[in-house]
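The structure appears below as structure tokens.
Owing to the predicted nature of the structure, the values given are computational and were not obtained by experimental measurement. Below, chains carry the letters A, B, ... as their sequence lines are ordered, and counting in each starts from 1.
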Amino acid sequence: MQRREGLAKLTGQERYVDDLPLEDFLWGMTVRSPAPRGRVTAVRFGKGVDWSQVVVVDAKDLPGPNVVKLIEEDQPVLAAGYVRHMHEPILLVAHRSRDEARRAAMAVEIVVEPETPVFDFRVTPVTNQIQYGADNVLKRLKIEKGDVATALKDAPVVVEGTYETGAQEHVYLENQSMIAWLDGDVLTVTGSLQCPYYVLAALKHTLARDESRLRVIHAPTGGGFGGKEEYPSHLALHASLLALKAGKPVKMIYDRSEDMAATTKRHPSLVHHRTGITKDGRLLAQEIDVVMDGGAYVTLSPGVLSRGIIHAAGPYACDNVRIDGRVMFTNAVPFGAFRGFGAPQTHFANERHMDVVARAIGMDPVELRQRNIIRDGQSTATGQVIRDGTDRGAVIDRALEMSRYRVKEREHTAFNASNDHTRRGMGIAVFHHGAGFTGSGEVYLKSCVRVAGLPDGRVEIQTANTEMGQGAFTIFIQIAAECLGLDPADVVVAPADTSKVPNSGPTVASRTSMVVGRLIERACGALQKRLGTTERTGRGSALKDAIVEWHRTHAGQALGAEAEYEPPPGVAWDDKTYRGDAYAAFAWGAYVAEVEVDLRTFTPRVLDFVAVQEIGKVLNDTLARGQVQGGVAQGIGWALMEECRWKDGGMINNQLTNYVIPTSDDLPPIRVEFLENPFSGGPQGAKGLGELPLDGPAPAVVNAIAAAMNNDPRVIPLTPERLMALA
Amino acid sequence: MDSVSVSFTLNGEPQGLTVPPAERLLGTPRYRVGLTGTKEGCGEGECGACTVHLDGLPVNSCLVLTAQVRGQSVETVESRKPDTLEPFLAGGATQCGACTPGVVMAASWILEHPELLRTHNTRELMAGNLCRCTGYDGIVDSVTAALTRNRRA
Ligand code: FES
Ligand code: FES
């Protein structure tokens with residue numbers, strides 16, 4: 001099936017937030033902190049602005065608690081007298097004219113009495129830098145399996161390595177956007193966002209309104225990648241506060257530089273590995289220390305750390321593992337969710353380290369991976385016994401075959417020996433990604449989905465999940481059409497509007513197809529039952545007739561059937577000890593990169609990229625392929641060119657001119673292959689896919705560069721400057 | 001000078017407008033005419049989301065003043081026929097869609113001038129249009145498919 005809203009997007013008919021017709025409204029703008037830490041001693045409204053025409057909101061205008069509700073309640077909606085990072089919102093202004101609103105925002109002078117900030121998450125803070133708990137640790141987590149100390153002591157070889165990754169900006173092409181207005185007594189917001197019910201919870205808490213007076217409507221969203229998981233709650237609060245005070249609709253659209261400076265990014269990380277291994281390459285012990293930069297507020301950092309450490313030991317079997325993780329407070333703009341959610345960072349370290357270990361024991365890096373790849377019946381670091389029947393060795397083999405890895409290796413040896421200015425190399429990364437919320441997360445979420453029969457016999461899927469480019473709606477339609485034997489044209493998806501759809505959870509964590517898709521299957525079954533039909537009789541035209549007939553006899557009533565999340569049988573997780581089944585299912589990947597480096601400019605170029613993964617079942621080939629290719633492109637950007645530059649904890653290259661992402665000319669065709677081993681807990685056997693493609697590219701590409709140049713890079717982005725410094 | 005008058009054609013329709021001198025061509029169809037297909041991604045000529053055709057050539061409309069297009073022909077994504085875009089739908093050229101109108105306008109320039117491919121490849125010609133979703137394969141493959149279809153037609 002082709003993407004449902006595809007033609008609307010191609011013809012420019014799709015209406016994003018800034019495209020919605022709106023009359024008699026104000027433009028909202030944000031006044032932000034000019035300093036990373038300190039007390040706000042003065043707020044001055046400058047000359048040259050007719051302030052009587054400007055609506056101004058500050059922390060005193062909040063009807064409820066000054067906090068954006070998320071995991072912790074530590075982040076203010078508007079800083080009240082004290083700032084903890086650059087660009088922290090302090091005041092909001094609104095004006096009929098966008099230019100005047102901008103002029104007003106710029107005319108406000110904020111005076112901050114500076115205090116000592118902390119910017120380097122890698123070093124222990126000194127006393128006057130402590131701002132969170134006793135040690136600036138926002139969250140600490142630990143995984144322990146077996147006896148690492150003894151195993152390391154007895155190991156014939158111990159190999160250590162430290163690896164570092166930088167921040168990454170999402171660069172969704174549509175910037176953060178939101179409109180808020182009062183519809184009678186119902187405060188309504190519509191925006192570019194991933195999680196309507198997160199926004200609803202934040203509005204409810206801070207605006208002290210009950211849910212009957214709040215409504216959140218998802219607008220078509222021009223990319224999210226995690227960047228619209230948490231931040232839209234802030235923007236929705238800002239727009240709402242202005243709209244409530246002004247008594248008029250307020251529209252807030254960030255421009256690119258504000259979006260890049262003020263919103264979240266991927267957490268920078270520092271990972272240290274100490275690995276005990278036999279001389280012939282059997283893993284005996286993995287001791288891993290993971291530190292991340294959380295920035296000035298907790299945001300989603302505990303979850304990012306959790307997923308990061310759970311994936312930190314890679315898809316390998318090892319009896320003795322200890323992983324210590326912590327996220328540090330710094331006075332940087334807070335870091336947050338970004339596709340992969342901590343796993344790309346720890347996979348980079350682990351897969352780069354596998355090459356370092358292989359080199360140390362004189363073993364082929366592919367062989368080292370094949371030797372240790374987890375086999376059915378063996379367990380992960382959390383003690384989760386893998387029994388999915390996937391042939392993970394075959395995933396690696398297929399990637400080698402498609403990339404002609406061994407042939408290319410030989411060719412490169414000859415090429416490098418006879419070439420003065422260029423070097424070529426192959427690199428591999430093997431990895432896994434858990435789909436859905438970690439541990440008991442899905443149980444707490446209690447996601448609910450409704451499938452409704454419409455009076456004309458069509459079927460409507462009602463979920464809170466959002467289409468942001470990944471193709472969620474198309475997949476939903478396919479799943480329901482398949483279940484009910486309907487033509488996809490007879491299936492529609494309701495807009496994610498909190499006044500109409502049940503809470504099926506956030507659109508994050510590679511959970512939408514797998515978890516919500518499975519709920520749609522079950523809700524379809526419930527609808528058939530409600531109509532007195534069965535899986536066999538309630539299909540196709542018979543089902544449509546039954547729906548029409550039901551409405552004839554129940555005029556004016558709604559026909560719907562719901563399904564609520566139930567954990568798959570036999571899944572057990574202990575949140576306190578971090579032991580057990582971290583995810584209902586893992587997807588498995590092996591990526592191979594072929595890279596060429598120009599020795600005069602130190603510019604690497606990816607010549608070929610092969611991405612092989614086992615994802616249960618491919619629901620839609622074009623969409624699945626697109627997910628992988630797009631994810632790989634983001635991963636290559638993160639590995640080679642996307643560098644956030646900082647001053648006082650704020651990004652200073654906050655423009656697409658100097659924060660560079662890959663163009664079509666920077667990338668080779670990305671060759672994708674799927675292997676299928678259906679997972680009983682997913683719709684038609686599908687597992688989650690969205691984040692997996694971010695895990696492999698960086699280590700594969702950097703390993704290829706290391707092979708080409710015979711060097712040992714440990715830090716990404718591996719810019720030409722960094723590469724030159726290694727020479 | 002608070003405003004200037006300017007006449008041009010927009011998707012073939014004559015327009016006579018009075019606009020502030022600093023108004024960008026990106027904003028005129030969007031906010032004055034109600035043609036919101038053209039998108040802003042960066043506002044500084046880097047992303048190509050705002051690509052329109054000016055006398056048949058692709059330009060970044062965020063870098064062009066409306067007052068400059070006097071007498072010229074401006075074409076936005078709304079001028080393109082849906083059936084010509086079928087290969088882009090089948091080929092996975094669009095995901096989130098925010099880059100898509102610009103991509104369609106840049107790609108349609110290649111389709112209208114296949115001779116460009118004698119000196120440049122599609123990846124080079126599309127390098128002015130950033131896409132964060134597709135990894136570009138869907139776009140590049142769609143252009144190739146559309147060229148093949150045009151050749152057959
Ligand atoms: S908005 Fe014009 S190039 Fe980005
Ligand atoms: S489709 Fe999302 S940026 Fe291109």
Side-chain angles (χ1 to χ4, degrees), chain A residues 2-3 5-16 18-21 99 170-175 220-225 253 255-257 467-471 622-623 625-634 636-637 655-657 661-672 693, chain B residues 20 22 30-31 34-49 76-82 84-86 88-105 121-142:
Chain A
Q2 290 183 338
R3 177 181 287 276
E5 80 292 356
L7 208 53
K9 285 174 171 172
L10 285 160
T11 53
Q13 299 305 311
E14 187 82 319
R15 297 259 185 239
Y16 300 81
D18 197 21
D19 306 334
L20 296 171
D99 289 341
H170 303 88
V171 196
Y172 28 69
L173 254 279
E174 181 208 24
N175 290 316
T221 292
F225 315 117
I253 312 271
D255 65 14
R256 182 60 63 182
S257 62
E467 175 60 62
M468 51 180 161
Q470 82 283 41
T622 306
L623 296 184
R625 219 162 267 282
Q627 281 294 291
V628 174
Q629 290 163 331
V632 167
Q634 287 179 350
I636 293 175
Q655 289 175 286
L656 289 177
T657 314
I661 67 168
T663 69
S664 51
D665 199 27
D666 295 321
L667 297 171
I670 293 151
R671 300 195 287 138
V672 180
Chain B
R30 284 185 54 79
Y31 302 118
L35 295 181
T36 54
T38 310
K39 306 294 178 221
E40 172 164 349
C42 68
E44 55 175 19
E46 289 294 334
C47 74
T76 67
V77 69
E78 285 91 347
S79 66
R80 292 306 186 254
K81 292 210 181 60
T84 64
L85 300 172
E86 279 295 332
F88 292 81
L89 182 60
T94 183
Q95 289 188 24
C96 82
C99 73
T100 303
V103 163
V104 165
M105 293 313 282
N121 64 41
T122 306
R123 285 188 179 267
E124 290 167 332
L125 294 167
M126 292 303 300
N129 291 78
L130 296 178
C131 173
R132 194 55 154 172
C133 299
T134 63
Y136 304 105
D137 286 291
I139 295 171
V140 173
D141 295 348
S142 297

inquiry  = According to salt bridge (charged side-chain N to carboxylate O under 4.0 Å, His left out), who are the partners of A/D99, at least two apart in sequence or on a separate chain?
reply    = A/R102

Look at the side chain of [X] and the backbone N and O of [Y], then say whether any donor-acceptor pair between them is shorter than 3.5 Å.
{"X": "B/R80", "Y": "A/L10", "value": "no"}
{"X": "B/R132", "Y": "A/H170", "value": "yes"}
{"X": "B/Q95", "Y": "A/G626", "value": "yes"}
{"X": "A/R3", "Y": "B/L89", "value": "no"}
{"X": "B/Y136", "Y": "A/P662", "value": "yes"}

request  = Name the member of B/D137, B/T100, B/T122, B/V77 that forms the most heavy-atom pairs with chain A at distances under 4.5 Å.
outcome  = B/D137

Selection from B/L130, B/T36, B/L125 maximising heavy-atom pairs under 4.5 Å formed with chain A = B/T36

query = How close do A/G222 and B/A98 get, heavy atom to heavy atom, and via which atoms?
reply =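 Of all heavy-atom pairs spanning A/G222 and B/A98, the closest is CA-CB, 4.0 Å.
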
request  = Let me know if B/T134 has heavy atoms under 4.5 Å from chain A in its side chain, its backbone, both or neither.
outcome  = backbone

inquiry  = Just to verify, what does B/F88 make a ring pair (Phe, Tyr, Trp, His ring centres under 6.0 Å) with, not counting sequence neighbours?
reply    =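 Listed in chain order: nothing, the list is empty.
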
message = Does this structure show an ion pair linking A/D19 with B/K39, if we count only N-O contacts that are shorter than 4.0 Å?
response = yes

